[in-house]
2 protein chains.
Amino acid sequence: MFEKCVSTILLLQFCCAGCGFCGKVLVWPYEMSHWLNLKIILEELLQRGHELTILISSRSYLFDYHNPSAFNFEVIFVSGTREDAEKKVNEFLDAAVNIMPTLSLWESAKLFQNFFLEATEQFEEVCRKAVYNESLMEKLRETKYDVMVIDPVVPCGELVAELLGVPFVNSIRHSVGDIIERYCGHLPVPPSYVPVSMGGLTDRMTFMERLKNMMFTLFFNFVLQQYDFQFWDQFYSEALGRPTTLCETMGKAEIWLIRTYWDFEFPRPYLPNFEFVGGLHCKPAKPLPKVLWRYKGKKPATLGANTRIFDWLPQNDLLGHPKTKAFITHGGTNGIYEAIYHGIPMVGIPMFADQPDNIAHMKAKGAAVEVNFNTMTSADLLSALRTVIYQPSYKENAMRLSRIHHDQPIKPLDRAVFWIEFVMRHKGAKHLRPASHDLTWFQYHSLDVIGFLLACVATVIFTVTKCCLFSCQKIGTGKKKKRE
Amino acid sequence: MFEKCVSTILLLQFCCAGCGFCGKVLVWPYEMSHWLNLKIILEELLQRGHELTILISSRSYLFDYHNPSAFNFEVIFVSGTREDAEKKVNEFLDAAVNIMPTLSLWESAKLFQNFFLEATEQFEEVCRKAVYNESLMEKLRETKYDVMVIDPVVPCGELVAELLGVPFVNSIRHSVGDIIERYCGHLPVPPSYVPVSMGGLTDRMTFMERLKNMMFTLFFNFVLQQYDFQFWDQFYSEALGRPTTLCETMGKAEIWLIRTYWDFEFPRPYLPNFEFVGGLHCKPAKPLPKVLWRYKGKKPATLGANTRIFDWLPQNDLLGHPKTKAFITHGGTNGIYEAIYHGIPMVGIPMFADQPDNIAHMKAKGAAVEVNFNTMTSADLLSALRTVIYQPSYKENAMRLSRIHHDQPIKPLDRAVFWIEFVMRHKGAKHLRPASHDLTWFQYHSLDVIGFLLACVATVIFTVTKCCLFSCQKIGTGKKKKRE
């Protein structure tokens, strides 16, 4: 480790500058936009001289582990090809965006359940082929990693960390209904002013909206927990050889890096081991090539003469161009943060996952207009665009969010890296972990104490009533005897 | 303002470096150790080129406003002399430390109540002579302050801010039973793992301790709120000419600077507008003069030959001396932070206010031993000293806290100054303010939603039961008729 560090110091001026030593980092990532965000942190860690190993399944379609890379890859070999996996994801995206909105709630739930069960099967295969692969686990154990960085949206990373005895840091936007953060991280989510995720609500709710928020909370608590957690509880218990739960294991995270900040998030209670590092991937715009549009597929016959189509364009540079007036977006967190960074108002056309929530946040903060993907006409889109371009409040609010984003005591990426390196330096961050993790759920909610106090009050009331009745009876009997 | 800024730039290299402009800061301080802590922030603001005005009563005994100072002073003239005020404070300290522990709980509470009522009368006089002094208020209004920095342990600062229309930042260690932070700042304090302040408990509580914590919470909620808040609610409503409360006004604080950090505090939920800046006054030790002891008063006849007595000594430099083995302390927050900063284990002899809590924190973190001030013998003190010096865990834990303290992404003083300047730059920090402030207490606790849901459940149960009974009756009647 020391040799590597010295050679890196020679190459990179700022090697291990903030850390004092070069560490070994094991990563449990997830695909799609999750990876795009996490990669920024990992590249920064690499720049600072740490050694990074990424644990991926052979089915992963985002990671080109055959070609040379600054990252090391450890591959978990599973059935199926990368093409199958990509096809499956595209099928799901198509179903979520195009098919589900046309179905009844019941049909939609059934379709979702099918995808969910199939995905769980695949995740289980990856996990089983990782933790029961003795030679892989032994190799990882021998490397003596200093920290694991985990995207907990798919289970297993924390199980690997537990088996290796390595402290870990979670990086997450949010889980469905916040169940992971709430149950496993003990993040308080008061339903009166903190909208539960995936509900599309804001922090200022009417009575009916607060009722809806409470119902969402209960729904996610009971239904989703039953579906997902129980399966993994058993899997984790078997793998660790002692009774445990997914949540207990996941809750051992030293730090939770959340992919939002108060420019985006509604102010809400949080814990010292939660760090809000939204927008860490944003950077100043570079000069643009002559690019106007991105489109994958056939060029539509009706395309106007003032529109060009491209397969890829540098979204961040485009948003940072001084002539950019508005951003039409599906509402992914990464894209929204690029718009916030550059102070660009948005027209949101959310499709699924956190996108409706993200657009609800931007609408509530006055920086976006929403258009419904399934019902919109070209007139709707035009009207929305005109609104965000010509009503000055949208630009002003986008600029306000941008000012908030840029005016932080320390940049989000630096904070994320600081806390990962902190965990390496101190072998954890136990001083930030609330003692609530050692309580049962009824102790956590003080139900035993409240029950005891209510029992005391009931006993006092009962005794006083009995005494009164007894006294009245006595007096009554006395009077009766006197009369007799 | 601009001229002042330019002249300061010439004098100080880092004038307004982080802020971009020189602002005007109005300060509502409190005396004793509160001032010692706040002064560090104010001196830093002064260094950065801001203009500071301190609003004090003519009775204040800590502020020598007759002599030249880098601060401006605005004096509120009230009855009584500074000597009277100092005498009264000393009387209270003597009662709290020496008299109250010898009294019964009832006598002690009565004595405390007397002091409390007398103090409230004095605070009320100061407040009245400030907010109803038209010329003073006009002068302050004309100065157009950018921010107020307030120690909210004594009310009125936030009322002045409200009357002037100036955003404000609170700086506080904690209030009695955390009522100000809980009620006015909406800080969540779950009683199952967050010990309410002044209770001397830790974050790991037995059932009986959790019961005690709940009782303390209820006690502080009902009794103290009745005593103190109602009086000021009326005062504030009169001064503002509209119905309001102390809490509503105090709760408008843009930022709460709390004088602890996670090296000292137990991990607990908090809000984005709460910043934990404990130890901001600490700094590296300077070389020591030949000093061993501080004592005000007559030299005791029994004093050993190896002990010298002094009226004052540089505590921080002494704690930072490599030969310092232990710190015997009354347990004030400032002193404890100096010990944490230099990694010195402690023998705590707490007396009153937050001191028993502070020592409970240090004991729980394994960096201190407690000795009872009222019952201790020289043997107890010696034994405690030997324990912290010769049992290595105490030094190790003190060093661990020190490492945590020094390993922050940004220093506490810089964070405190950053957020005060942020409020100046943005005229507030509303993006950090939870929406809970717009809810009534029963909405905040979701009591209306829970009530509605319970009513729904009750209605369903009632209807189903009625239907069942009706059906049974019908069947019964049918059978009866058949039999007939």
Side-chain angles (χ1 to χ4, degrees), chain A residues 18 186-188 190-194 202-205 207 210-211 213-215 218 261-263 265-273 276 365 400-401 403-404 407-410 414-415 418-419 422 425-426 429-439 443-450 452-453, chain B residues 18 186-188 190-194 202-205 207 210-211 213-215 218 261-263 265-273 276 365 400-401 403-404 407-410 414-415 418-419 422 425-426 429-439 443-450 452-453:
Chain A
H186 286 206
L187 186 70
S192 57
Y193 68 100
V194 182
T202 76
D203 60 343
R204 279 155 216 281
M205 294 178 265
F207 174 79
R210 286 188 294 113
L211 184 65
N213 200 37
M214 179 71 90
M215 301 293 279
L218 296 174
Y261 178 65
W262 311 111
D263 41 14
E265 198 74 59
F266 300 121
R268 44 89 50 79
Y270 66 114
L271 292 164
N273 56 350
F276 288 74
K365 289 173 192 282
R400 182 176 52 80
L401 298 184
R403 281 194 299 273
I404 290 169
D407 204 356
Q408 299 182 46
I410 175 166
D414 293 337
R415 273 188 291 133
F418 176 87
W419 286 112
F422 185 99
R425 279 194 293 276
H426 299 263
K430 291 284 176 289
H431 69 297
L432 301 178
R433 181 182 172 80
S436 57
H437 285 281
D438 300 328
L439 299 175
Q443 287 173 333
Y444 174 73
H445 293 288
S446 293
L447 296 184
D448 53 348
V449 169
I450 293 169
F452 178 80
L453 287 176
Chain B
H186 287 206
L187 186 69
S192 57
Y193 68 99
V194 182
T202 76
D203 59 343
R204 279 155 216 280
M205 294 178 265
F207 174 79
R210 286 189 294 113
L211 183 65
N213 200 38
M214 180 71 90
M215 301 292 279
L218 296 174
Y261 179 65
W262 312 113
D263 43 12
E265 198 75 58
F266 300 121
R268 44 90 49 80
Y270 67 114
L271 293 164
N273 56 350
F276 288 75
K365 287 172 192 282
R400 183 176 52 82
L401 298 184
R403 280 194 299 273
I404 291 168
D407 204 355
Q408 299 182 47
I410 174 166
D414 292 338
R415 275 190 288 134
F418 176 88
W419 286 112
F422 185 99
R425 280 194 293 275
H426 299 263
K430 291 286 177 286
H431 70 295
L432 302 178
R433 182 183 171 78
S436 57
H437 285 281
D438 301 327
L439 300 174
Q443 287 173 333
Y444 174 72
H445 294 288
S446 292
L447 296 183
D448 52 349
V449 170
I450 293 169
F452 178 80
L453 288 175

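Throughout, a chain's letter reflects where its sequence line sits, starting with A, and its residues are numbered from 1.
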One option among B/Ala435, B/Pro272, B/Pro188 has the most heavy-atom pairs under 4.5 Å with chain A, and it is B/Pro272
Cut-off 4.5 Å, heavy atoms of chain B, and the answer for A/Tyr270 is both
If one checks every heavy atom of A/Ile410 against chain B at 4.5 Å, the contacting part turns out to be side chain
Turns out that what part of A/His426 lies under 4.5 Å from chain B's heavy atoms comes down to side chain
Cut-off 4.5 Å, heavy atoms of chain A, and the answer for B/Phe266 is neither
Looking only at B/Glu265, B/Met205, B/Met214, most heavy-atom pairs under 4.5 Å shared with chain A are made by B/Met214
Scored by heavy-atom pairs under 4.5 Å with chain B, the best of A/Ser192, A/Pro191, A/Pro269, A/Pro409 is A/Pro409
The reported gap from CZ in A/Phe422 to CD in B/Gln408 (rounded to nearest 0.5 angstrom) is 9.0 Å
Taken to the nearest 0.5 Å, the spacing of B/Arg403 CZ from A/Arg425 CZ works out to 12.0 Å
Cut-off 4.5 Å, heavy atoms of chain A, and the answer for B/Asp438 is side chain
Worksheet item: Considering only heavy atoms from C-beta outward, does the side chain of A/Leu453 approach that of B/Leu211 to under 4.5 Å?
Response: yes
Bottom line for B/Arg400: the part with an atom under 4.5 Å from chain A's heavy atoms is neither
Counting heavy-atom pairs under 4.5 Å with chain A, the top scorer among B/Asp448, B/Leu439, B/Asp203 is B/Asp448
Okay, A/Pro190 and chain B: the region with an atom under 4.5 Å from a heavy atom over there is neither
Applying a strict 4.5 Å limit to non-hydrogen atoms, the region of B/Arg268 in contact with chain A is backbone
What one should report as the nearest heavy-atom pair of A/Tyr193 and B/Leu271 is OH-CD2, 4.2 Å
Honestly, the part of B/Leu432 sitting under 4.5 Å from a heavy atom of chain A is both
Okay, A/Arg210 and chain B: the region with an atom under 4.5 Å from a heavy atom over there is both
In this structure, CZ of A/Phe207 is separated from CD of B/Gln443 (nearest 0.5 Å) by 9.5 Å
Interface check, chain B: of A/Ile450, A/Leu187, A/Val449, most non-hydrogen pairs under 4.5 Å belong to A/Val449
